[in-house]
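Below is one structure; the comments refer to it alone.
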Protein chains: 2
Amino acid sequence: MVRPERRTVRDLRRGNRAVLLRALYFAGPTSRHELTALTGLSAATVSNVTGDLLADDIIVEAGLVDSDGGRPRVLLRVNPTYGFAIGVDVGETHVRVELFDLDMNELAKSEFALRPGAHDVDVVVRHVLSGIDAVVADSGVPPSKVLGVGVGVPGIVERGPEAMIHAQTFGWHSVPLGSLLRAGTPFPLHIDNGAKTMGQAEMWFGAGRGSRHAVIALIGSGVGASIIADGVTYRGANSSAGEWGHTKIAIGGRGCRCGGRGCLEAYIGAEAVLERAGIDVDTSTEQAAFAELVTSGSPVIDETVEYLGAGLANLINLFNPERIVVGGWAGLLLGQHLLTTIKQRAAENCLTQPYSTASIVLGRLGPDAVALGAATLVVDEFLLSTTSSSVSREPAVS
Amino acid sequence: MVRPERRTVRDLRRGNRAVLLRALYFAGPTSRHELTALTGLSAATVSNVTGDLLADDIIVEAGLVDSDGGRPRVLLRVNPTYGFAIGVDVGETHVRVELFDLDMNELAKSEFALRPGAHDVDVVVRHVLSGIDAVVADSGVPPSKVLGVGVGVPGIVERGPEAMIHAQTFGWHSVPLGSLLRAGTPFPLHIDNGAKTMGQAEMWFGAGRGSRHAVIALIGSGVGASIIADGVTYRGANSSAGEWGHTKIAIGGRGCRCGGRGCLEAYIGAEAVLERAGIDVDTSTEQAAFAELVTSGSPVIDETVEYLGAGLANLINLFNPERIVVGGWAGLLLGQHLLTTIKQRAAENCLTQPYSTASIVLGRLGPDAVALGAATLVVDEFLLSTTSSSVSREPAVS
DNA sequence: AATACATAGTCTATATCTTGAAAAAAGTCA
DNA sequence: TGACTTTTTTCAAGATATAGACTATGTATT
């Protein structure tokens, strides 16, 4: 119940420093003058704080801009090579590790295939760790400049020092992935559910930009969602919020791979859709088969769209977002061909007032943005807490 | 995307003052010494800030307590008569206005019956305004000490200066209730959905105490929910978040009074349950009939519990709360007799991990806490922003 | 009764912080 | 060159929280 918390006068500085850095990061090259408007700080403070940040090499000057008839403005920007972030995507078919600078340019990449069904924890951990070593070596980035590693994994991630994972599809039950990775790498770790990391990528660089209340719906073989409440990913009490795929849309309905009945995923997840259409596939042919099915005019797709519309409507009724982003490879395929129908079905199943203020759009980053999103976790932390003096970091997993 | 915002050194004071006052309000009589632990502030600051608050008469001393072998502690508490809050419950059958001191003791009450179906805006506004006048007069509280009026209404409340209301069951479409009330009363207004105000009452004084992530499920004739995310009511982009009753639990299912099909409310709302059981009632006999039905062993009740369990499971999957509070008159009746079955059905329809960390409990405040909750909106604002000097308030509806 | 001890609360000196105003810097224009 | 414009920095003033010394107010012991 007790909400706000600030104490000393030093926290003020830290806070304002973070506000300013964040504004600079998302607004791109900006003059000090504009920053006063963006942050609400006085010109004196902006000058003071930017001075600090320049001295720390966290931001750099980025050219001049004329100001009609006066001193030209000096543009400032975040120094893209001040630090680097590593993003890891642990998927059903692969482990992908990418290294980015602060502008999110990909500087190196390392990928390992996973054999279907072979999601041994040891194997995954080994791939992740060697991937980290590989991208650091390939990019030539000195390890001291690596700000951290973000990891997107399937299933439920309990945040905490151990980062316990529960992932049914991987057969992972209470796997302390944080501890396991920590033993093999010195970099700060940020472990989160893959749907949430991808959601953050869409929020920062994709279809979610500019909205404060949004839901990113991810439809692939499975179904998940990332809920953005007031600009930040909503996690709930134990970080498992957003398990949209296993909400019930039919009592006693179709069986789901989670063991339950009537889950939304059992109707709109690509695996379930293909099964319902009587198409037999394996992981390698799944996407092609689904793409063909979508354009085939099959009644199964009509039904799928009906359920998808209802599922989206439920999200709108419960969360009242300003935007719904439909993503995931299957979601993108459905959306590319049937977006208007999907919207129609959503409207039919939703209260008019919240529906009218929500826009349903397609994701813009493609299905492979999990690693990018994972890296944004690192950047997010960096923007929030750049304590200039102390370089030491507490070795916590967050 | 830009989240934190703090500026001047004065905001610090305001913030710390609010933190301290809040701690004092919820912890009850507390010594300065304990407050240092509760707030994290230094003893010096606690002394300093409490000095201010004492001088402003916002807090008062409340006796001594021995401290073994040393100077006794002086207990402090919020001055219950520093100000007063008015809460209004606009329901389907009545308009109820109550006046509370800061300890939430009810000092005066005024009630008006509404004829079924007669929810004319003018009538409601007149009742609310004369109710406000009545409770102020009855209690003898000087108008200058009334901190504000909280109003809980059905339907969707768009927050903003006009406080536009959309309430299907009342036949209200885009009614600017804020403007209408403002014209007739000088007190600051806080208008919100009744389910949300009641949820806040349960969080402050009822079954929700102590949890930061909770959902208050309200089941009466209709069905609603209040979502508490990180200690505060979640509202979404336009304050309509939490419309649980009209989420779809069956595609193409039973018709609902909202016009849609397959809404949860069409299965577990008391009106719908009675209809499904073939029992014909009006507003006056509804509750008694429902109470009888619940204990009758009717298969309709079994089915209702099944749907309720699934509905709760969906809330747990999506929001990952630590607690679910079942309230509303019908919810309480169901829960009193069938809580274990409800929990079982919820477990069957929910992912195990989030279910295992959520407790499902009954509401403790009874169905009439809407006005109390509405008054807490006023107190919440009071605790957050007690600017000592300036007594003037901006006349905004929030 | 006097003294020692323990705990609670206040006071003071200090280091920070943001801000407004004034000053400086860096241009354009005539 | 000098007047003017706009951006940025500098500086003094006002406000804040903290640590640590100090005061207040009890009980226990001699």
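Every chain is numbered from 1, with letters handed out A, B, ... down the list of sequences.
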Inset, instruction - Take A:Thr50 and A:Gly70, find for each the nucleotide of DNA chain D with the closest heavy atom, and name the residue whose nucleotide sits nearer the 5' end. - result: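 With A:Thr50 and A:Gly70 compared, the 5'-side residue is A:Gly70.
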Length of the line joining [X]:[atom1] and [N]:[atom2], which is rounded to integer Å:
X       : N      : atom1 : atom2 : result
A:Asp66 : D:dT7  : CG    : C1'   : 12 Å
A:Asn48 : D:dA13 : CG    : C1'   : 16 Å
B:Glu34 : C:dT7  : CD    : P     : 15 Å
A:Leu75 : D:dT8  : CG    : C1'   : 14 Å
A:Arg13 : D:dT18 : CZ    : P     : 18 Å
A:Leu12 : D:dA15 : CG    : P     : 15 Å
A:Arg14 : C:dC17 : CZ    : P     : 10 Å
A:Leu76 : D:dT7  : CG    : C1'   : 12 Å

Legend entry - Closest listed nucleotide, where the reference is the side chain of A:Ser31 and the choices are C:dT16, D:dT18, D:dT8: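 Given the options C:dT16, D:dT18, D:dT8, the side chain of A:Ser31 is closest to D:dT8.
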Inset, instruction - Taking only the side-chain heavy atoms of B:His33 (C-beta and beyond), determine which of C:dG20, C:dA8, D:dT7 contains the nearest atom. - result: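 Selected nucleotide (nearest to the side chain): C:dA8.
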Legend entry - Sugar-phosphate only, base, or nothing, as touched by B:Val74 at under 4.0 Å among non-hydrogen atoms: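 Sugar-phosphate, no base atom in range.
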Using a cut-off of less than 4.0 Å, is there contact between a side-chain N or O of [X] and OP1 or OP2 of [N]?
X       : N      : answer
B:Thr8  : C:dT18 : no
B:Ser42 : D:dA19 : no
A:Asn16 : C:dC17 : no
B:Arg32 : C:dT10 : yes

Legend entry - Rounded distance (nearest 0.5 Å) linking atom CD1 of A:Ile228 with atom OG1 of A:Thr233: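 One gets 4.0 Å once the value is rounded to the nearest 0.5 Å.
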Legend entry - Closest-nucleotide 5' rank along DNA chain C - winner of A:Arg10 and A:Arg71: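 By nearest-heavy-atom nucleotide position, the 5'-most residue is A:Arg10.
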Inset, instruction - Between B:Thr45 and B:Pro72, name the one whose nearest nucleotide on DNA chain C is closer to the 5' end. - result: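 Looking at DNA chain C, the more 5' nearest nucleotide goes with B:Pro72.
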Legend entry - A:Val49 and its side chain to side chain contact (heavy atoms under 4.5 Å, CB included) partner, picked from A:Leu54, A:Leu20, A:Leu21: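 Single pass found, and it is A:Leu20.
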Inset, instruction - Would you please indicate yes or no on a ring centroid separation below 6.0 angstrom for B:Phe319 and B:Tyr234? - result: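 Aromatic pair excluded; centres sit 6.0 Å or further apart.
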Inset, instruction - Test A:Arg13 against every option in A:Thr8, A:Asn48, A:Thr45 by the side-chain hydrogen bond (donor to acceptor under 3.5 Å, both in side chains) rule and name the one that passes. - result: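 Only one of A:Thr8, A:Asn48, A:Thr45 forms a side-chain hydrogen bond (donor to acceptor under 3.5 Å, both in side chains) with A:Arg13, namely A:Asn48.
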Legend entry - Residues which pass side-chain contact (heavy atoms from CB on, under 4.5 Å) with B:Glu106, listed by chain and number, not counting sequence neighbours: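 Once residues adjacent in sequence are excluded, the partners of B:Glu106 under the side-chain contact (heavy atoms from CB on, under 4.5 Å) criterion are B:Glu98, B:Phe100, B:Lys109.
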